[in-house]
Each structure stands twice: as structure tokens, then as C-alpha cells.
Amino acid sequence: GELSGTLTEANSPYIVTESVVVPADQTLTIEAGVIIKMTVVRQSRTLPVEFTVEGAVVAEGTVEDPIIFTSLHDDCHGGDTNGDGQDSEALPGDWGRLRLINSGDSALAHVQIYYGGSGNAPGLNNDRAAEGALFVEGQRAPETMASITAAFSRGRGAWLEVTGGFPWSLDGGAFFNNGEGFAAGRDPEQQRGLEVSGAEARVELRDLRIEDNAGGGLAVESAEAITANRLTIRRNGGDGALFETPERLEMAVSRIQEHRGHRALVVLNASPEEYGAAKSERIGQYSYTLGAGASAIIQRAIQERADIL
């Protein structure tokens, strides 16, 4: 169904029983402290419940009162809403995703997304789960994106695919324990904590924590210039941070830890197939790789082990 107007904290939590859309000419305002619980669909060959924004959403929570999208089976946020005691538990992929399309007039701040990332019920073979629990697509990113959390997604935590070439930023966020819903051997690219892709633009990433994801931590592709400050990336099941085809990379005061033999930091102008030709270096006890022709400024990019949080 279609949705607009205001979701108030007084009427929270809200239970979404079927996929909803904010139409292209409408705005939905979500008050701080609102909890939105998505109905769980696990039947074979049944698409999950999704929350799609084609117009605008203004969802600005606070540190004390974040806005939460989660599974109906999640008793940790908003209590036992479905009233079944301990008979159910939240699992990765319980619902689809928060999806924003051409959402330049939207604002997301202190928004937390849990147990999404399903493209379908288990057993139906498609790749929509790879879109993540938060999927932003279109010409422009939301005007505000700050303090975003995506965790326990079946696929990626978040995928930001902004194609218009306009500058945008992500200020603060946590992306952890994503990609666990896939079977062993699944493409690790679909199990990353955070992926950024799209047309060339200046992208600024600040104050992000990306940890314990089944695949890589962070991947950024085809940005004109990337500024990455105060990132903590550790214990991921793939390369910590991958920057592909940037014209310029500026990274400062970030902590990126290699894990289980994967590289900590990879910067490539070449395609992934050319990793073997890339130059490997080490900073302290952590490795990084610069592809041929990459222009990178690394300022205290990786600190000593004692400084890793």
C-alpha cells in the first residue's frame, strides 16, 4: 500500500504486514523514537515485506531515541510485539529492505536497520538479497545521511548506488554482522558491510565502524574523489577496505585491521582481475595494496596494533 504523513512515537511500534511505498510526490515523516516492525515471510518462493521510498522520507532520530526498522520477531527493540514469548526469534533476512529511490529530498539520521536483506524466502534463487538491508539508488543521495546502523542482514548491510555524479556524504554509522544468511561459498561481494557505487562524484565517509561481516568490510567503486576519515574496519571475512578506480583518495586517522589473511586496504585503478599486478606494501603490521596508476594520500591510514579499538 501507499504511505505518507507522519509516524508518531506515541503510536509506536508500527507493524508493517505488506510492502509499502511512499509515492513519488509524497513525503513521509518519522518521529524520533519510532520503531517499525516488518512482518516475517519465510514461505518458499514468497517475496518479503519491503519499505520503499519513491518520494521523500524525513527520518531524523536522536542518540537517545533512534528510529528503528526491524523484524517483527525482534523482541530486543520495542518488546515482544507479536506476543509469542520466546516462540520466535529474529533472523537475518526476516524482511526485505528499506529502499530509497531518487531520494535527494530525504533525510536519514540515527536510523537503525536490523534483520533485513532478504530478496526472497530461503530456497528461491535470485540476487535481490545482495541489495542489502538499506538500498539507496538513483541520481542523488539523501540530503542527510548520518549515524546509520545496518546489522544482521542476510546480504550486504547497505548498498549506496548513487549515479548522478553529485557530491554526497555519510557521517557516522555502524555496519556489522551482515551476510551471515548466505550459505558457505557465496560471493563475498554480496556479504559486505557497506558498498558504495555509481557515477563519478566526490564521496565523503566519516566516523564509520564496519566489523564482523561475512564478506569484506567496505567497498567504494568509481568515485571521482574519496575522503575517508575516522574509519574502524576489522574482523571482516574479506578485504577490509577496497577503493576501486578513484581519481583521488584521502584517508586520515583510520584503523583498518587485516583478518584471516585478507588484505586490510586495497586501492585499485585496475579491475579486480588484476590484483596480482598490484603493488603490496605494509604499514606497521597491516598490509595495503595500490593498483597500477592509483593516486592515494594515506595519512596515518593504519595505526599500530595498540591503537586498534
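Just so you know, residue 1 is the first one in the sequence shown, and it goes up from there. Keep in mind it's a predicted model, so treat the numbers as computed, not measured.
- Atoms CD1 and CG, on Ile15 and Asn82 in that order, are 7.5 Å from each other to the nearest 0.5 Å.
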- [ ] I would like to know whether Asn177 and Asp212 meet side chain to side chain donor-acceptor pair (under 3.5 Å); could you show each step before the answer?
- [x] CA-CA 5 Å; Asn177 293 106; Asp212 300 304; 5.1 Å; no
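- In plain terms, the two heavy atoms of Glu50 and Ser19 that are nearest each other are N-OG, 2.9 Å.
- Checking side-chain atoms of Glu244 against main-chain N and O of Glu221 turns up no donor-acceptor pair under 3.5 Å.
- For residues 27-39, the set of pairs meeting the side chain to side chain donor-acceptor pair (under 3.5 Å) definition, not counting sequence neighbours, comprises Lys37-Thr81.
- Trp168 and Ile101 are assigned to two separate hydrophobic clusters, defined by single-linkage of ILVMFWY side chains at heavy-atom distances under 4.5 Å.
- Counting heavy atoms from C-beta on, the side chains of Phe175 and Leu208 come closer than 4.5 Å.
- For Ser147 (side chain) and His110 (main-chain N/O), no donor-acceptor pair under 3.5 Å exists by modelled atom type.
- Between Glu211 and Thr232, the closest side-chain pair of non-hydrogen atoms falls below 4.5 Å.
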Open item on the list: Assess the residue pair Thr149 and Val111 against the criterion (side chain to side chain contact (heavy atoms under 4.5 Å, CB included)); give the C-alpha distance rounded to whole Å, side-chain angles, the decisive distance to 0.1 Å, and a yes or no.
Closed with: CA-CA 6 Å; Thr149 296; Val111 173; over 6 Å; no
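- For the residue pair Gly157 and Ala150, the shortest heavy atom distance occurs at O-CB, 3.4 Å.
- The hydrophobic clustering, which links ILVMFWY residues whose side-chain heavy atoms are closer than 4.5 Å, places Val49 and Val20 together.
- Rounding to the nearest 0.5 Å gives a distance of 14.5 Å between CD1 of Ile68 and OH of Tyr14.
- Judged purely by atom type and a 3.5 angstrom limit, Asn213 uses its side chain to pair as donor or acceptor with the backbone of Asn178.
- Under the 4.5 Å side-chain heavy-atom criterion for ILVMFWY residues, no single connected hydrophobic cluster contains both Leu7 and Val58.
- Two residues are said to be in side-chain contact when any heavy atoms from C-beta on lie closer than 4.5 Å; Thr227 and Leu205 fail this criterion.
- Once rounded to the nearest 0.5 Å, the distance linking CE of Met38 with CD1 of Ile113 reads 10.5 Å.
- Looking at every heavy atom in both residues, Gly55 comes nearest to Ser106 through O-OG, 4.1 Å.
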Task: From CA spacing to verdict: side chain to side chain donor-acceptor pair (under 3.5 Å), Ser71, Asp74 - done: CA-CA 5 Å; Ser71 165; Asp74 180 3; over 6 Å; no
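- Hydrophobic clustering of Ile, Leu, Val, Met, Phe, Trp and Tyr side chains at less than 4.5 Å, counting indirect connections, keeps Val21 apart from Val136.
- Ile226 and Leu231 fall within the same hydrophobic cluster, defined by Ile, Leu, Val, Met, Phe, Trp and Tyr side-chain heavy atoms under 4.5 Å apart, directly or through other members.
- Formation of a donor-acceptor pair under 3.5 Å by the Ser12 side chain with backbone atoms of Ile35 is found in this model.
- Closest approach of Asn102 to Gln139, counting heavy atoms only: OD1-N, 2.9 Å.
- With Arg97 contributing its side chain and Ser118 its backbone, the two residues share a donor-acceptor pair below 3.5 Å.
- Between Arg230 atom CZ and Arg209 atom CZ the span is 15.5 Å, to the nearest 0.5 Å.
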TODO: In sequence, state the C-alpha distance, the side-chain angles, and the governing distance for Asn236 and Leu218, and then conclude on side chain to side chain contact (heavy atoms under 4.5 Å, CB included).
DONE: CA-CA 9 Å; Asn236 296 289; Leu218 167 68; over 6 Å; no
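- Under the 3.5 Å distance criterion, the side-chain polar atoms of Ser153 are matched with a main-chain donor or acceptor of Arg156.
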Open item on the list: Applying side chain to side chain contact (heavy atoms under 4.5 Å, CB included) to Met145 and Leu160, what does each step give before you reach the verdict?
Closed with: CA-CA 11 Å; Met145 281 196 295; Leu160 312 180; 4.2 Å; yes
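- Here CG of Leu72 is found 7.0 Å from OG of Ser88. Values are rounded to the nearest 0.5 Å.
- The distance from atom CZ of Phe243 to atom CG of Leu265, rounded to the nearest 0.5 Å, is 6.0 Å.
- Note on ring orientation: taking the six-membered ring where Trp is involved, the planes of Tyr114 and Phe152 are tilted (angle from 30° to 60°).
- Checked against a 6.0 Å centroid threshold, the rings of Phe69 and Phe51 count as neighbours.
- Take Arg206 and apply the salt bridge (charged side-chain N to carboxylate O under 4.0 Å, His left out) test, not counting sequence neighbours, and it matches Asp171, Glu204.
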Task: Ile30/Ile36 under side chain to side chain contact (heavy atoms under 4.5 Å, CB included): CA gap, chis, key distance, verdict - done: CA-CA 10 Å; Ile30 305 176; Ile36 299 171; 4.1 Å; yes
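- The environment of CG in Asp105 is sparse: at most 12 heavy-atom neighbours from other residues, nucleotides or ligands sit within 6.0 Å.
- The nearest pair of heavy atoms linking Ala32 to Asp65 is CB-O, 3.6 Å.
- Closest approach of Leu3 to Pro23, counting heavy atoms only: O-CD, 3.6 Å.
- No side-chain donor-acceptor contact under 3.5 Å links Asn11 to the backbone of Thr8.
- Residues Asp94 and His73 meet the side-chain proximity criterion, which asks for heavy atoms closer than 4.5 Å.
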